[in-house]
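Just the heavy atoms: all of them, side chains too, but no hydrogens, waters or symmetry mates, feed the values below. The residues of the chain are indexed from 1 along the displayed sequence.
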Amino acid sequence: MKENKLLNLSQEFALKVIKLANNLRDKKEHSFADQIKRSGTSISANIAEANYPQSRLDMISKFEIALKEANETENWLIILNNSNLVEKSIFELLHNKVIKIKILLITSIKTLKSKLN
């Protein structure tokens with residue numbers, strides 16, 4: 001089976017987001033924990049779905065949803081960082097990973113769309 005760099009990266013990211021959410025729960029920040037866990041794990045779920053699309057348009061749609069979730073997760077990370085609810089090193093690690101995921105998704109979407117024409 002061919003290695004899927006984007007899926008692997010998004011799954012690794014999801015595991016780190018789950019750990020962050022658990023840490024936020026320990027701090028009694030349940031709302032933030034729920035929000036970032038939902039959006040951060042949704043990225044890999046949509047990328048996984050895109051691996052078995054009904055059509056190229058379906059694959060593009062799943063990648064676009066994953067991109068929206070990545071953007072939302074990045075927003076939550078920035079809010080958590082600005083409110084000092086996450087350690088700087090954890091923020092930087094997760095922020096760098098979500099940026100990399102977004103870049104890969106944007107590239108994949110552009111490539112898929114160019115093949116539609």
Side-chain angles (χ1 to χ4, degrees):
M1 183 178 202
K2 182 181 159 193
E3 181 186 3
N4 186 325
K5 181 179 178 180
L6 180 56
L7 181 59
N8 292 343
L9 181 62
S10 67
Q11 289 171 339
E12 178 185 315
F13 179 76
L15 293 173
K16 291 187 183 322
V17 166
I18 291 168
K19 287 181 184 178
L20 171 59
N22 290 338
N23 289 339
L24 289 168
R25 283 194 205 317
D26 292 343
K27 295 178 183 179
K28 308 295 185 216
E29 295 290 346
H30 298 283
S31 294
F32 286 126
D34 292 343
Q35 289 292 337
I36 198 156
K37 184 177 178 184
R38 184 197 53 75
S39 64
T41 58
S42 179
I43 300 165
S44 67
N46 280 288
I47 292 169
E49 281 190 53
N51 282 309
Y52 294 95
Q54 295 173 347
S55 66
R56 188 165 295 190
L57 287 174
D58 183 45
M59 183 179 227
I60 292 168
S61 176
K62 297 296 185 227
F63 279 164
E64 286 176 336
I65 293 167
L67 180 59
K68 288 172 66 173
E69 296 292 340
N71 195 52
E72 179 182 343
T73 303
E74 181 183 15
N75 181 63
W76 286 119
L77 285 169
I78 291 167
I79 290 169
L80 291 169
N81 182 56
N82 291 342
S83 59
N84 296 314
L85 289 172
V86 63
E87 293 177 30
K88 190 73 168 170
S89 61
I90 301 293
F91 166 75
E92 289 173 356
L93 173 79
L94 291 173
H95 191 247
N96 288 337
K97 285 192 182 297
V98 79
I99 294 294
K100 189 172 186 177
I101 290 168
K102 286 173 63 175
I103 290 168
L104 290 171
L105 283 167
I106 290 167
T107 302
S108 297
I109 292 165
K110 284 182 179 179
T111 299
L112 287 166
K113 283 183 175 181
S114 73
K115 292 180 181 179
L116 288 176
N117 299 329

Checklist entry - Considering residues at least two apart in sequence or located in another chain, which fulfil the salt bridge (charged side-chain N to carboxylate O under 4.0 Å, His left out) criterion with Glu92? => result none

Checklist entry - Just wondering, do Leu77 and Leu20 contact through their side chains at under 4.5 Å, heavy atoms? => result yes

Checklist entry - Hey, are the side chains of Asn46 and Phe63 touching, using non-hydrogen atoms and a 4.5 Å cut-off? => result no

Item to check | Qualifying residues under side-chain contact (heavy atoms from CB on, under 4.5 Å), relative to Glu74, sequence neighbours excluded | outcome: Asn71, Ile78, His95, Val98, Ile99, Lys102

Next on the checklist: Starting from Leu105, can I reach Met59 by hopping between I/L/V/M/F/W/Y residues whose side chains sit under 4.5 Å apart?
Outcome noted: yes

Item to check | Residue pair Ala33 / Leu24: nearest heavy atoms and the distance that separates them | outcome: CB-CB, 3.8 Å

Item to check | Minimum-distance pair of heavy atoms, taken over all atoms of Ser44 and Gln11 | outcome: CB-N, 3.9 Å

Item to check | Side chains of Thr73 and Ile101 in contact at under 4.5 Å (non-hydrogen atoms) | outcome: no

Checklist entry - Lys37 and Ala21: which non-hydrogen atoms are nearest, and at how many Å? => result CB-CB, 3.8 Å

Item to check | Within-4.5 Å side-chain heavy-atom neighbours: Ile43 and Val17 | outcome: no

Checklist entry - Can you tell me how far the CG atom of Leu116 sits from the CZ atom of Arg56, to the nearest 0.5 Å? => result 6.5 Å

Item to check | Test side-chain contact (heavy atoms from CB on, under 4.5 Å) applied to Thr111 - qualifying residues, sequence neighbours left out | outcome: Thr107, Lys115

Next on the checklist: Please tell me whether Ile109 and Ile47 are part of a single hydrophobic cluster in this structure, the criterion being side-chain heavy atoms less than 4.5 Å apart.
Outcome noted: yes

Checklist entry - Residues in side-chain contact (heavy atoms from CB on, under 4.5 Å) with Ser55, at least two apart? => result Leu57, Asp58

Checklist entry - If you group Ile, Leu, Val, Met, Phe, Trp and Tyr by side-chain heavy-atom gaps below 4.5 Å, do Leu6 and Leu112 land in one group? => result yes

Next on the checklist: Could you measure the distance from the CD1 atom of Ile18 to the CD1 atom of Ile36? Nearest 0.5 Å is fine.
Outcome noted: 11.5 Å

Checklist outcome for this item: Residues at least two apart in sequence or cross-chain that pass side-chain contact (heavy atoms from CB on, under 4.5 Å) with Lys16, listed by chain then number, are Glu12, Leu93, Leu94, Lys97

Next on the checklist: So, taking the atom named NZ in Lys62 and the one named OG in Ser108, what distance separates them when rounded to the nearest 0.5 Å?
Outcome noted: 16.0 Å

Checklist entry - Would a hydrophobic clustering, with Ile, Leu, Val, Met, Phe, Trp and Tyr connected at side-chain separations under 4.5 Å, put Ile60 with Leu7? => result yes

Item to check | Transitive ILVMFWY side-chain link Leu67 to Leu9, under 4.5 Å | outcome: yes

Checklist entry - Does any pair with a residue in residues 19-31 pass salt bridge (charged side-chain N to carboxylate O under 4.0 Å, His left out), and if so which ones, sequence neighbours excluded? => result Arg25-Asp34

